[in-house]
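Small disclaimer: the values here were computed from a predicted structure and weren't measured.
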Amino acid sequence: NLNGVVGEAVATGRGGFAFSDALKAKGGTWDDASLDAWLTNPRAFAAGNKMTFAGISDAQQRADVIAYLKAAK
């Protein structure tokens, strides 16, 4: 569940999910810029993370996902 993720600290608050050490070490907050970087290439955003998602190359699609996440509270 990603409702309310915008504005949260990275790698926290997701109901007991076991975040990777790489993502925990990244720190910061999920804002437009960090979400865009994550959605572009999760491996580059936090090298060594557990995410198998390859990313979204299309900038408009990433913007649409971010807008959805911002609206899903």
**Student:** Might you point out which heavy atoms bring Ala47 and Ala22 nearest each other, and give the distance in Å?
**Tutor:** O-CB, 3.1 Å
**Student:** Applying side chain to side chain contact (heavy atoms under 4.5 Å, CB included), run through Thr12 and Phe19 and close with a yes or a no.
**Tutor:** CA-CA 8 Å; Thr12 61; Phe19 293 99; 5.7 Å; no
**Student:** Of the options Val6, Val5, Leu69, which is the one that meets Trp30 in a side-chain contact (heavy atoms from CB on, under 4.5 Å)?
**Tutor:** Val5
**Student:** Please test Gln61 against Leu39 for side chain to side chain contact (heavy atoms under 4.5 Å, CB included), starting from the C-alpha separation and ending with a verdict.
**Tutor:** CA-CA 10 Å; Gln61 287 180 343; Leu39 291 169; over 6 Å; no
**Student:** Please give me the minimum heavy-atom distance between Lys50 and Ala18, naming the atom from each residue.
**Tutor:** NZ-O, 2.9 Å
**Student:** Is there a donor-acceptor pair under 3.5 Å between the side chain of Lys26 and the backbone N or O of Phe45?
**Tutor:** yes
**Student:** Can you list every pair that meets side-chain hydrogen bond (donor to acceptor under 3.5 Å, both in side chains) and has a residue in residues 38-49, with sequence neighbours left out?
**Tutor:** Thr40-Arg62
**Student:** Is there a side-chain contact between Lys70 and Asp32, using heavy atoms and a 4.5 Å cut-off?
**Tutor:** yes
